[in-house]
2 protein chains.
Amino acid sequence: MKVTMKDIAKEANVSVATVSRVINGTKPTSEETYKKIMDVIKKYNYVPNSSAQNLRQKNTKTAALIVSSFPDSYITNITKAVGQRAREYGYRLLFIDTNEQADYEQESIQLLTSSQMVDGLILSPTSNNIDYLQPLIDKQFPIVLVNRYDPKLETIPRVTADDYQAGFDATNHLLSHGHKHIGVVYNFPNVTTTIDRLNGYKEALQLAGIPYREDYFAQGFGTVEGGMRATERLLKSKPEVTALFIQSDLMTIGAISALKNLSLKWPDDISLIGFGDFEASEIIEPPITNVNLPPDTIGKTAFDALLNKMSNPQYNRHIQLPTSLIVRKSCGSH
Amino acid sequence: MKVTMKDIAKEANVSVATVSRVINGTKPTSEETYKKIMDVIKKYNYVPNSSAQNLRQKNTKTAALIVSSFPDSYITNITKAVGQRAREYGYRLLFIDTNEQADYEQESIQLLTSSQMVDGLILSPTSNNIDYLQPLIDKQFPIVLVNRYDPKLETIPRVTADDYQAGFDATNHLLSHGHKHIGVVYNFPNVTTTIDRLNGYKEALQLAGIPYREDYFAQGFGTVEGGMRATERLLKSKPEVTALFIQSDLMTIGAISALKNLSLKWPDDISLIGFGDFEASEIIEPPITNVNLPPDTIGKTAFDALLNKMSNPQYNRHIQLPTSLIVRKSCGSH
DNA sequence: ATGAAAGCGCTAACAC
DNA sequence: GTGTTAGCGCTTTCAT
């Protein structure tokens, strides 16, 4: 049989209320009863039943992390950081990988929130259209958006990389190496990571007086396979392209496969710049230049933002973390 | 205000008992009341409070996945598979990354189980010494071990790769290329993935009449940095080593860095075989030969095993999934 | 087929 | 400083 608070109370010759007080430190207790109760608790290794606590207190000390592109290394590292922070604050973390399926995302959130399973959630959504959150927002249910967001949802805090700047910097880097025809491999068109980076790309081109051409874009779906196909397709149809701007780690790996298949050398035949910075990019020969997005800081900040939102419903900061260009050799020297 | 079952009952002019029956399909209900109740439920988007359900039914439809070496790609893919299976069966998944800290692992499990937060757990432990689970096992709390295990815990189901065979095959492959001095980079000495693979390695050497030398071992702690240092240390102190047997993806990446630092070429100066098979191993030049451990099958099987254990406390199968050698070019031709 | 009511394990208001 | 008790939202006997 499971030992309950009643059992502890009986064995210590006190009421359950006193046991509860001792456990939660809610009210002062005499030295003597405190010790007596603690001894019994230790003896039985007693821990309160969390369902009962949750039911009573209407909170669960549990948060959910819902991501769409797992296990891309960037998301994976964000996940690690969120988990770490949750642990530091004594929160449990429910993990859901939607596998880019919007309906599953919506369904999961609906279930989790209406069943009151979690106190808040951190979401990296499948798209920039998540109006279905509106009823939750109206009810002041704590949500924070991470990595990708919906610009319409202004009252929700969000933490992302500075994707616009990242796109701008990456493009300038390519431009400075003399490239005029820069291909883009993106994962999905309707996510802010794509949109914002492409805006940066566009701006950089404009400043350089170079036309922005949508036919230089190819969709890679965030996978190795997809990145490979997209790169092959793009390079075959637009042979004038001399540089590639690739939106995620897995697709970068695919793009490199494609270059090998096409017997193209980087940086000589084609330049390459990735986003995310996977572990292996340094040991690929020549090493791959990357825009580093800081997953660790993003994950931690996202959890902190959730905590803020939970204690203050007005909290709605939009945090953009700076990115950095890690110049290796895939774009040529310097 | 949150809508409760009472509200639904009132609006539908029935008792809460009837609403409960309709929701759970516990007892037959008249067509008419069924429809009436369902309409009200739809209208309010009502979902039962899970804490109340858990408290009453003494189960939570929640499982925990506790891993130690996140985000190594192998574990990451197991995580994805477990999540997928959990979802298929309507379970929520609590995720904990212990970061190889045994005390945190123990503490988390203690908390999760004694607070009755989860119905069962899947554990990839930090070491092969997890006796602290014994009280839980005695209480018949459902646990399954994945990836790493404790051989003493025979009544717990486990699902792993066939690490012995994997080590044996990898070593034979190296042997067949004429190597006689095979270095090993391992993560931790006291985990079964290391022990079993090394037993396979030992056996293969023995059959080939080659001495087994522990001074050919270097610890890499499962990280890129650690793998790099271990490889450098090993190769500097034992220049006769012509082949490397590396136990995890992140360490393989580190090992390659080390080779570059030492200006050693593979497979000419040194052969290389990894375990796990990370995405980038194919695009590294020359591509890296790997023992592929099937994370997807392992993760799914682990969740299935948990389900089995939950319904049948006697269930204690030890499942070893076959591995496969993916021969690329890091060990020479053929 | 449906309702009344007990009770899961806990917390907190209220009394002393 | 401590005990009594109501009640969180639900499931499930036991009646009818």
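All of these numbers come straight from a predicted model, not from anything done at the bench. Order of the sequence lines fixes the chain letters, A, B, ..., with proteins taken first and strands second; residue numbering starts at 1 for each chain.
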How many whole angstroms separate atom [atom1] of [X] from atom [atom2] of [N]?
{"X": "B/L55", "N": "C/dG7", "atom1": "CG", "atom2": "P", "result": "14 Å"}
{"X": "A/K6", "N": "C/dC10", "atom1": "NZ", "atom2": "C1'", "result": "12 Å"}
{"X": "B/N13", "N": "C/dG3", "atom1": "CG", "atom2": "P", "result": "9 Å"}
{"X": "A/I23", "N": "C/dT11", "atom1": "CD1", "atom2": "P", "result": "7 Å"}
{"X": "A/N24", "N": "C/dA13", "atom1": "CG", "atom2": "P", "result": "13 Å"}
{"X": "B/N49", "N": "D/dG9", "atom1": "CG", "atom2": "C1'", "result": "6 Å"}
{"X": "B/Q57", "N": "D/dT11", "atom1": "CD", "atom2": "P", "result": "6 Å"}
{"X": "A/K10", "N": "C/dG9", "atom1": "NZ", "atom2": "P", "result": "12 Å"}

Under 4.0 Å from OP1 or OP2 of [N]: is there any side-chain N or O of [X] that close?
{"X": "B/Y46", "N": "D/dG9", "answer": "no"}
{"X": "A/K58", "N": "D/dG9", "answer": "yes"}
{"X": "A/S20", "N": "C/dT11", "answer": "yes"}
{"X": "B/S15", "N": "C/dA4", "answer": "no"}

Upstream residue (5' side of DNA chain C) when A/K27 and A/M5 are each assigned their closest nucleotide: A/M5
Quick check on DNA chain C: between A/A52 and A/R21, whose nearest nucleotide comes earlier from the 5' end? A/A52
Which word best sums up how the rings of B/F70 and A/F70 line up, parallel for under 30°, tilted for 30 to 60°, or perpendicular for over 60°? parallel
With heavy atoms under 4.0 Å as the rule, sort [X] into base, sugar-phosphate or nothing.
{"X": "A/S30", "result": "sugar-phosphate"}
{"X": "B/T33", "result": "sugar-phosphate"}
{"X": "B/N54", "result": "nothing"}
{"X": "A/Y34", "result": "nothing"}
{"X": "A/K2", "result": "nothing"}

Looking only at side-chain atoms of A/Q53, point me to the closest of D/dG9, C/dT11, C/dG3. C/dT11
Can you figure out which of C/dA6, C/dC10, D/dT2 approaches the side chain of B/R56 most closely? C/dA6
A/N54 and its side-chain contact (heavy atoms from CB on, under 4.5 Å) partner, picked from A/T62, A/D119, A/T60: A/T60
The residue among A/I130, A/I122, A/V159 that forms side-chain contact (heavy atoms from CB on, under 4.5 Å) with A/L145 is A/I130
A/Y132 and A/E105: side-chain donor and acceptor closer than 3.5 Å? yes
Which heavy atom of A/N49 sits nearest to which heavy atom of A/A52, and what is that distance? OD1-N, 2.9 Å
A/D39: which of A/K42, A/K43, A/K35, A/K36 passes salt bridge (charged side-chain N to carboxylate O under 4.0 Å, His left out): A/K35
